[in-house]
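Read the numbers this way: they start at 1 and go in the same order the structure lists the ligands and their atoms. The structure displayed is predicted, hence computed values, not measured ones.
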Amino acid sequence: MSFKNTYIQRVYDDLVIRNAHEPEFHQAVHEVLESLEPVCNADPRYEQEGVLERLVEPERVIYFRVPWVDDKGRVQVNRGFRVQFSSAIGPYKGGLRFHPSVNASVIKFLGFEQIFKNALTGLPIGGGKGGADFNPKGKSDGEVMRFCQSFMTELAKHIGAYTDVPAGDIGVGSREIGFLYGQYKRLTNEFTGAITGKGLRYGGSRARTEATGFGLCYFTEEMLNSKGDSFKDKRVIISGAGNVAIYANQKATELGAKVVAMSDSGGFIYDKDGIDFNIIKEIKEVSRLRISEYLNYRPGAEYHEGCSGIWSVPCDIALPSATQNEISEKSAMSLVKNGCFCVSEGANMPSTPEAIKVYFENNLLYGPAKAANAGGVATSALEMSQNSIRDSWSFEQVDGRLQDIMKNIYRRTAKAAEKYDLHGNLMAGANIAGFEKVADAMLAYGIAY
Ligand code: NDP
Ligand code: 2IT
């Protein structure tokens, strides 16, 4: 038995049986259910009305075939997914991931977490996620375009500005969003905000590109401020070198920190003078090369093979911003041993449960993903607002809203933890605050929802 509450134990046991061989999904649900024990103990309605068993079952799961033709004229077939998890407080909202590791378990864990993250933003968005086991790495622009067009030919039947609004995630950036939206528009004959992360020339929002990384730093700064501390003069390590990591580097640097290490799936770089995010942008975003290229720009820097080595670099603050389960128990212990006092998550579920235990045992400041990386989807919701009113806001307007949203998420999360005497446990706070909002809506709808 891992839970004290028998209702929660029953829900979890059923989930494992009904979703066998989906370890990431089990992990994400386990963490949330654990946080919800005091909430369910305090309010019997959640059990009486079966809120948890409804919440862990997606409203709809779509699996589809994605056939396309590569540059050699060969037919390729990938598997596409969209999990429409919860529309309790708004249209399904969440990104699309293109990576060979994508499967039902990964998309369900991401979709499940998205429900609570989106609720925390304070904006009216439900939870969903999608993607494909397609690997954009090494593919030509033409191949990526044909894949995206085929993917959207099916997906378009299931999404819409008031139904389900996808965006980017790993492997889906501005190039892919362009191809996807172009095909969506053509198929539906409508110019509506059915996708976010769009280019500025065709309905995108200013600051969406920067939003997840910037938001991560705004949230983390707020968390540090609560302890009378800040990013100023701190050594920071950021895993990943993609959309989240690049702009987390920019904002952490602007806030006075020095980002000494970053990584990609091949290895990590160390630059004691601070990594210039513009160089990473040039290497990874523009040229789509390996992070080891950094040494051509900064010969004094170091490159080490293997991405997990980054966690042995001494730092004050770690911002994991690559992928799930990238920090093991051993890596967490190495962070602590080398003086790290704060971990704040840009990626989704980057810490294993064992790593999280290490953070708590050593009193680290821990910013959980659902709260810390919510700035991306929050700004997506601002893009939806601009699309609805056919307006376009300035960078300062959007960035100002983002700062307010991240500060509010911190407050909401800390307050929810306080309410259940879990002082400082922002993981529980984020899960509880997100849950209460969604669960209230579900109670209002009655059982058939
Ligand atoms: P990108 O595709 O832009 O970048 C991903 C980065 O992480 C790349 O540097 C990639 O290395 C590395 N990476 C990916 N998978 C692995 C892996 N299995 N092992 C090691 N390294 C890996 O993605 P994003 O920056 O958009 O996303 C990063 C994380 O942030 C994900 O967890 C995502 O879900 C989360 N997130 C993203 C948001 C967004 O708005 N984009 C919002 C909130 C969360 P390489 O270049 O070698 O492939
Ligand atoms: O994990 C996430 O929150 C995202 N990939 C962003 C989703 C969105 O809809 O902007």
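- At the top of the distance list for atom 9 (O) of ligand 2, counting protein heavy atoms only, stands Lys93 NZ, 2.6 Å.
- In this structure, the separation between CG on Leu120 and CD on Glu436 is 11.0 Å, given to the nearest 0.5 Å.
- Taking 4.0 Å as the cut-off, Arg97 does not count as a neighbour of ligand 2 on heavy-atom distance.
- Protein residues are said to neighbour a ligand when one of their heavy atoms lies under 4.0 Å from it; for ligand 1 these are Arg97, His99, Lys117, Lys137, Asp169, Ile170, Gly171, Arg208, Thr212, Gly240, Ala241, Gly242, Asn243, Val244, Asp264, Ser265, Lys284, Arg290, Cys307, Ser321, Ala322, Thr323, Gly346, Ala347, Asn348, Asn373.
- Scanning the protein heavy atoms around atom 6 (C) of ligand 2, the nearest turns out to be Arg208 NH2, 3.6 Å.
- Given atom 7 (C) of ligand 2, the protein heavy atom at minimum distance is Gly95 N, 3.5 Å.
- Using a 4.5 Å heavy-atom threshold, the side chains of Leu96 and Asp169 count as separate.
- For the atom pair OH of Tyr270 and CD1 of Ile275, the computed distance is 9.5 Å after rounding to the nearest 0.5 Å.
- Residue-to-ligand polar distances place Gly168 within reach of ligand 2: an N/O pair is separated by less than 3.5 Å.
- The aromatic ring centroids of Tyr366 and Tyr359 lie less than 6.0 Å from each other.
- Residue Ile107 holds its CD1 atom at 12.0 Å from CZ of Arg79, rounded to the nearest 0.5 Å.
- Annotation: the span from Arg401 atom CZ to Ile405 atom CD1 amounts to 5.0 Å, rounded to 0.5 Å.
- Under a 4.0 angstrom heavy-atom cut-off, Gly197 registers as lying outside contact with ligand 2.
- Nearest protein neighbour of atom 3 (O) of ligand 2, counting heavy atoms only, is Lys117 NZ, 2.7 Å.
- Between Pro320 and Val343, some side-chain heavy-atom pair lies under the 4.5 Å cut-off.
- Close approach of ligand 2 to Gly94 is summarised as follows: ligand atoms under 4.0 Å from at least one heavy atom of the residue are 7 (C), 9 (O).
- Contacts of Asn348 with ligand 2, taken as heavy-atom pairs under 4.0 Å, involve the side chain alone.
- Those atoms of ligand 2 with a heavy atom of Lys129 less than 4.0 angstrom away are 1 (O), 2 (C), 4 (C), 5 (N).
- A cation-pi arrangement is present between Lys139 and Phe134, with the terminal nitrogen or guanidinium carbon under 6.0 Å from the aromatic centre and inside a 45° cone about the axis.
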Assess whether side chain to side chain contact (heavy atoms under 4.5 Å, CB included) is satisfied between Glu59 and Val83, documenting all intermediate values. CA-CA 8 Å; Glu59 286 176 26; Val83 176; over 6 Å; no

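- The closest side-chain heavy-atom distance from Lys284 to Asp264 is below 4.5 Å.
- Close contacts of ligand 2 with Ser380, meaning ligand atoms under 4.0 Å from a residue heavy atom, involve 8 (C), 9 (O), 10 (O).
- The residue Met384 has no part lying near ligand 2, judged by heavy-atom distances below 4.0 Å.
- With rounding to the nearest 0.5 Å, the separation of CZ in Arg390 from CZ in Phe191 is 9.5 Å.
- Salt-bridge annotation for Arg208 and Glu383: absent, with no side-chain N of the basic residue lying under 4.0 Å from a carboxylate O of the acidic one.
- Not a single heavy atom of Glu113 sits less than 4.0 Å from an atom of ligand 2.
- Neither side chain, Tyr218 nor Asp404, offers a donor N or O lying under 3.5 Å from an acceptor on the other.
- Given atom 5 (N) of ligand 2, the protein heavy atom at minimum distance is Asp169 OD1, 2.9 Å.
- Close approach to Ala167 involves these atoms of ligand 2, each under 4.0 Å from a residue heavy atom: 8 (C), 9 (O), 10 (O).
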